[in-house]
Protein chains: 2
Amino acid sequence: MKTIEQLLESKNIRVTAMRLLIYKFLAKKEVAVTLSDIENAFEKADRTTLYRTVKTFEEKAIVHQIDDGTGITKYALCEKGCNCEIETDLHLHFHCNNCNETICLTDHKIPQIKVPDGFVSENVNLVVKGICDKCSV
Amino acid sequence: MKTIEQLLESKNIRVTAMRLLIYKFLAKKEVAVTLSDIENAFEKADRTTLYRTVKTFEEKAIVHQIDDGTGITKYALCEKGCNCEIETDLHLHFHCNNCNETICLTDHKIPQIKVPDGFVSENVNLVVKGICDKCSV
DNA sequence: AAAACCAATGCAATGGAAGTGCATTTATTA
DNA sequence: TAATAAATGCACTTCCATTGCATTGGTTTT
Ligand SMILES: [Mn+2]
Ligand SMILES: [Mn+2]
Ligand SMILES: [Zn+2]
Ligand SMILES: [Zn+2]
């Protein structure tokens, strides 16, 4: 069980107060968040800092970006051992048309998609839209 | 074999010079296009007109919108008989990481995607990224 | 410990794309 | 032809993403 500090250091990211706070914020969220969400949670911090922190996390595979079709990019923590770059690791995402939230379905891996001859698949983005469990009761 | 005029009229869209031109432009393109692409092709026309024309086409199911993850929405003509609203009709899209173009794989339908209990799937967006046939030779 | 260094943060500005209000032109209908 | 409605054009706005540059703060070197 790694501490957050150890995790950051293992990826050559300097530990700062801001980074720890943002990491914890993402960790306690069970849904993907936008930059605005983070902004609202840390009103004293500058947008740019938050932006760059998330980008750093993204580069170092601490978070992954989610394009759920709303036009606003969202972010969520990577699972332990998740290597976002590897295709086989890709899970699907669910976007609720009711509460407008997006979540990772981390144990729903994307099935193998056939593409025509001559095409090479490197990566797949799969977003299911509908009604989430909280909204469908 | 319908003419473009007949197609537009059958969907209660008035035939105008601009609309015919944009339709033909989309028809001769084999890839999905952005609004900027259309702008560049019709520099004498106003952005707004092009924008609203595409939106009209979209509402009337003449084109469908494609979110390929680049952050810029693209559009492509619907196939004959294609009903974009119906889930079973949804085909997948391929985005080439090399030439940056996106194409409809109209005869590659999206497989049934399982979602966890309590979730209701209404719609699926599936984009495969990689190298297209033209770039992979 | 002080100086030098580099990364992190903050501030301001930019750019791109999407969208809207309103005036004007053009086509349709009465 | 006059009245009406839709299409187009222009200007402006909003929202999100991104960058340049100055400043702060922590680390390393002397
Ligand atoms: Mn995810
Ligand atoms: Mn398509
Ligand atoms: Zn919901
Ligand atoms: Zn290509």
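Keep in mind it's a predicted model, so treat the numbers as computed, not measured. Lettering of chains follows the sequences in order, A, B, ..., and the numbering in each one begins at 1. Below, all heavy atoms of this structure are taken into account, side chains as well, without hydrogens, waters or symmetry copies.
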Task: Annotated protein contacts, base or backbone, on nucleotides 20-30 of chain C with a non-hydrogen cut-off under 4.0 Å, one of B, S, - each - done: BBB-----S--
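One N or O on the side chain of Ser136(A) and one on the backbone of Gly118(B) form a donor-acceptor pair closer than 3.5 Å.
Every residue two or more places apart in sequence or in another chain that forms a side-chain hydrogen bond (donor to acceptor under 3.5 Å, both in side chains) with Thr48(A) is listed here: Asp46(A). Checked against side-chain contact (heavy atoms from CB on, under 4.5 Å), Ala76(B) has the following partners two or more places apart in sequence or in another chain: Ala32(B), His64(B), Ile66(B), Cys104(B). Every side-chain hydrogen bond (donor to acceptor under 3.5 Å, both in side chains) that Thr70(A) has, sequence neighbours left out, goes to Asp68(A). Qualifying side-chain contact (heavy atoms from CB on, under 4.5 Å) partners for Gln6(B), counting only residues two or more places apart in sequence or in other chains: Lys2(B), Thr3(B). Shown here are the side-chain contact (heavy atoms from CB on, under 4.5 Å) partners of Lys114(B), two or more places apart in sequence or in another chain: there are none.
Residues Ile131(A) make up the rest of the hydrophobic cluster containing Val120(B), defined by ILVMFWY side-chain heavy atoms closer than 4.5 Å, directly or through other members.
If you take NZ of Lys44(A) and P of dC11(C), they are 13 Å apart, rounded to a whole angstrom.
At a non-hydrogen distance threshold of 4.0 Å, Met18(B), Arg19(B) from residues 18-43 of chain B come into contact with DNA chain D.
In terms of phosphate contacts, Lys55(B) brings a side-chain nitrogen or oxygen within less than 4.0 Å of OP1 or OP2 of dG19(C).
Along DNA chain D, the stretch of nucleotides lying under 4.0 Å from any heavy atom of chain A spans, 5' to 3', dC16(D) to dC21(D).
Along DNA chain C, the nucleotide nearest Ala17(A) and the nucleotide nearest Thr73(B) are compared for position; the residue whose nucleotide lies closer to the 5' end is Ala17(A).
Residue pairs that meet the ring-ring contact (aromatic ring centres under 6.0 Å, His included) test with at least one member in residues 34-62 of chain A, sequence neighbours left out, are Phe25(A)-Phe42(A). Within the structure, every pair that satisfies the side chain to side chain donor-acceptor pair (under 3.5 Å) test and touches residues 16-35 of chain A, not counting sequence neighbours, is listed here: Thr34(A)-Asp37(A). Residue pairs meeting the ring-ring contact (aromatic ring centres under 6.0 Å, His included) criterion with at least one member in residues 116-135 of chain A, sequence neighbours excluded, are Phe119(A)-Phe94(B).
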